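The block underneath contains the structure these notes are about, expressed in C-alpha cells.
This one's a predicted model, so the numbers in the text were calculated from it and none came from an experiment. Values reported hereafter were calculated over all heavy atoms of this structure, with side chains retained and with hydrogens, waters and symmetry mates removed.
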Amino acid sequence: TPGTPTGADELPGALVTRDIEGRVRNVTGALAVGPEPGAVAGAFLQRHWTLLGLTDSEVVSLGSGAGKTGPVPVLYDSSTKKYKFRLYRYEQRSSGIPVVGGGVDLLVRDQAPYILVRAGSSTRDLTGFVPTLAGQGIDYTAAKAHLASKSRAGFVPSARSGLGPQADI
C-alpha cells in the first residue's frame, strides 16, 4: 500500500549502496514504472521513504510551492534535441526547518514508459533531534511569519540582527 515503509528487499534486482553507518545512499536499477515521470518519483518516495532514511514528516518536494523549480532536465541528446532524464529533488526537513545537505534525488527516464532508474539519498539521522533556540522549541511557521512582518515594515536583516549576511558598518 502507498505510504507503507519498505526495505531494499522489495526492490529485486536493484543495486543498493550504503555508507559506513549502514544508511542507504544510492539505489539503482529499474526501480519503478508509471505513466508520468513526476508520479513515478512521488509514488516511489511515498512507498520507500524509510529505505532512504526519512520519516514521513521530513520530506518536501523542491518542485512545489512559490519560488520553487520543477524537475531538472538531465543529459541532453543532441540527435533528438531532448533531455533523456528528469531529476526530482526532495528536501529533508525537521519541524519545517530545512536540514542542510539533507535530501533525496530521484532520476526518471524522460520517455514512456517512465522508469525511475536511480534514487540518491543524502539524508541525515535526526533521531532524537528537536530544533531549539535558546533552549526553547522553535515554531518555524510563527518565526517565518514574524520575519515576514518585520520585512514588510522596512526591516532589513543585518549582521547586528543576526538574521542576514549584510553588515552594518
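In this structure, Arg89 CZ and Leu107 CG are separated by 10.5 Å, a value rounded to the nearest 0.5 Å. Between the CG atom in Asp110 and the OG1 atom in Thr80 there is a gap of 9.5 Å [rounded to 0.5 Å]. Distance check: Arg109 CZ to Leu116 CG gives 11.5 Å after rounding to the nearest 0.5 Å. A distance of 7.5 Å separates OG in Ser121 from CD in Gln92, rounded to the nearest 0.5 Å. Interatomic distance, Arg18 CZ to Asn26 CG, rounded to the nearest 0.5 Å: 12.0 Å.
Under the 4.5 Å side-chain contact rule for hydrophobic residues, Val24 and Leu15 do not share a cluster. Note: the hydrophobic cluster containing Val108 does not contain Tyr83 (ILVMFWY, side chain heavy atoms under 4.5 Å, direct or indirect links). Taking hydrophobic clusters as Ile, Leu, Val, Met, Phe, Trp and Tyr residues chained together by side-chain heavy-atom distances below 4.5 Å, Leu75 shares a cluster with Val72.
The minimum heavy-atom distance linking Tyr90 with Gly42 is given by the pair OH-N, 3.7 Å. Closest approach of Ala41 and Leu106 over heavy atoms only: O-CD1, 3.3 Å. Pairing each heavy atom of Tyr88 with each of Gly38, the nearest pair is OH-N, 3.2 Å. Nearest heavy atoms, Gly101 versus Ser122: O-OG, 2.8 Å.
Ile115 places none of its side-chain heavy atoms less than 4.5 Å from the side chain of Val40.
Under the 3.5 Å distance criterion, the side-chain polar atoms of Arg25 are matched with a main-chain donor or acceptor of Thr123. Between the side chain of Thr28 and the backbone N or O of Arg118 there is no donor-acceptor pair closer than 3.5 Å.
Using a 4.0 Å cut-off between a side-chain N of Lys or Arg and a carboxylate O of Asp or Glu, Asp77 and Lys82 do not qualify as a salt bridge.
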